[in-house]
Amino acid sequence: SGAEPGKYLGTIKFMSSGTEVVEARVELSVLDILLPAERTIATAYGFSWSVATNYHGGADGLDEEEAFRITQNYEFEMHRHRIDFTNYPANVPWAVDETGELVPPDFSMFDAALEKRFDGSYYPDGAGVRRFDLDMFTPGHGMMGLPEDAYAKASKLMAEHLAEKGWLDRVYLYSSDEPWMPEHMQNGSFDRIEHDFALLVR
């Protein structure tokens, strides 16, 4: 805000239907510190890109340019408050061939979505995303339709690619949600997480 360090005094008047209800004294302290642009604490804010565009699109929907503008506004505003989304629209099209072997993945779309977010050039303040949920390998929540061997190979290739790009410490994996709930435990939630995690570290 540009305010000089020190204490600031003031009052706030609370009104109801044009009539003053109460007046409160406010004291603010401005510290002599400068917050760095680069974040040091990871945050996770669940944002649904499709729900946002559906909400703003109405009955006729949005064209691609308008959908991008709206979701970017949401993202920039959260980023301005030093909050990173849990997920970003970055995917890899994993697939297997007719023999069940993993098709060599194309990381180009994934990289294009993340490069500028990680180096900060995507945002007005130049600060990059600290960490986010990879949202592809979710222990206990299935294997993205891949056979076990292909799933294990895919996770290894993903880790190698992230390490090569210098992004491995910028991602985390989120297991299936709330596995401790009784109904989830009855369906073997912890066993599924253990099974999938074993494939991820194979």
Side-chain angles (χ1 to χ4, degrees), residues 39 41-54 64 67-68 71-72 74-75 78-79 83-123 127-181 183-202:
R39 285 84 164 114
I41 298 175
T43 60
Y45 181 87
F47 177 76
S48 173
W49 305 82
S50 60
V51 169
T53 53
N54 289 342
E64 188 175 338
F68 174 78
T71 54
Q72 186 183 59
Y74 276 104
E75 185 177 354
M78 295 304 296
H79 188 82
I83 298 173
D84 294 329
F85 285 165
T86 306
N87 310 112
Y88 291 91
N91 295 301
V92 177
W94 302 105
V96 293
D97 61 22
E98 61 278 0
T99 68
E101 286 295 314
L102 186 70
V103 175
D106 179 0
F107 291 105
S108 60
M109 293 175 60
F110 178 83
D111 293 349
L114 291 180
E115 279 174 338
K116 292 185 176 181
R117 285 182 168 94
F118 279 153
D119 69 21
S121 60
Y122 185 71
Y123 301 107
V129 167
R130 180 64 180 174
R131 189 172 289 121
F132 81 109
D133 174 22
L134 191 58
D135 199 31
M136 276 182 273
F137 300 90
T138 308
H141 196 63
M143 295 180 288
M144 305 184 296
L146 301 174
E148 287 190 356
D149 285 345
Y151 182 77
K153 290 177 182 176
S155 67
K156 182 178 180 182
L157 289 173
M158 186 80 251
E160 290 173 348
H161 181 74
L162 290 169
E164 181 182 331
K165 299 288 289 186
W167 298 343
L168 192 57
D169 65 344
R170 295 288 184 114
V171 302
Y172 61 87
L173 302 182
Y174 190 84
S175 73
S176 55
D177 199 37
E178 299 173 337
W180 56 86
M181 293 183 68
E183 60 269 32
H184 295 170
M185 291 179 67
Q186 289 172 2
N187 292 323
S189 56
F190 285 106
D191 289 337
R192 292 198 306 274
I193 290 173
E194 182 180 10
H195 170 269
D196 294 354
F197 185 75
L199 294 174
L200 292 175
V201 298
R202 183 189 288 182

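Bear in mind that the values here come from a model prediction, so they are computed numbers and not experimental data.
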State the CZ-OG1 distance between Arg130 and Thr43, to the nearest 0.5 angstrom.
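Going from the CZ atom of Arg130 to the OG1 atom of Thr43 covers 11.0 Å.
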Looking at CG of Leu200 and CD1 of Ile193, how far apart are the two atoms once the value is rounded to the nearest 0.5 Å?
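So the gap between those two atoms works out to 11.5 Å.
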List in chain and number order the residues that pass salt bridge (Lys or Arg N to Asp or Glu O under 4.0 Å) with [X], two or more places apart in sequence or in another chain; answer none if no residue qualifies.
X      : result
Arg192 : none
Glu115 : Lys165
Glu101 : Lys153

Do Trp167 and Leu134 come within less than 4.5 Å of each other through their side chains, counting heavy atoms only?
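No, their side chains stay 4.5 Å or more apart.
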For residues 142-151, which residue pairs qualify under salt bridge (charged side-chain N to carboxylate O under 4.0 Å, His left out), counting only residues two or more places apart or in two chains?
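Applying salt bridge (charged side-chain N to carboxylate O under 4.0 Å, His left out) to every pair that reaches into residues 142-151, excluding sequence neighbours, yields Asp149-Arg202.
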Residue list, side-chain hydrogen bond (donor to acceptor under 3.5 Å, both in side chains) with [X], at least two apart or on another chain:
X      : value
His184 : none
Tyr122 : Gln72
Tyr88  : none
Tyr45  : none

Return each pair, listed once, that meets side-chain hydrogen bond (donor to acceptor under 3.5 Å, both in side chains) where at least one residue sits in residues 133-147; pairs must be two or more places apart or across chains.
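Listed once each, the pairs are Asn87-Asp133.
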Short question: side chain of Arg131, backbone of Tyr172 - any donor-acceptor pair under 3.5 Å?
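No, Arg131 side chain to Tyr172 backbone: no donor-acceptor pair under 3.5 Å.
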Tell me every residue that passes side chain to side chain contact (heavy atoms under 4.5 Å, CB included) with Pro89, counting only those two or more places apart in sequence or in another chain.
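Expected list: Trp49, Arg117.
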Output all residues satisfying ring pair (Phe, Tyr, Trp, His ring centres under 6.0 Å) with Phe110, sequence neighbours left out; order by chain, then residue number.
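None.
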Run the ring pair (Phe, Tyr, Trp, His ring centres under 6.0 Å) test against Tyr174 and tell me which residues pass, sequence neighbours left out.
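For Tyr174 there are no ring pair (Phe, Tyr, Trp, His ring centres under 6.0 Å) partners, ignoring immediate neighbours.
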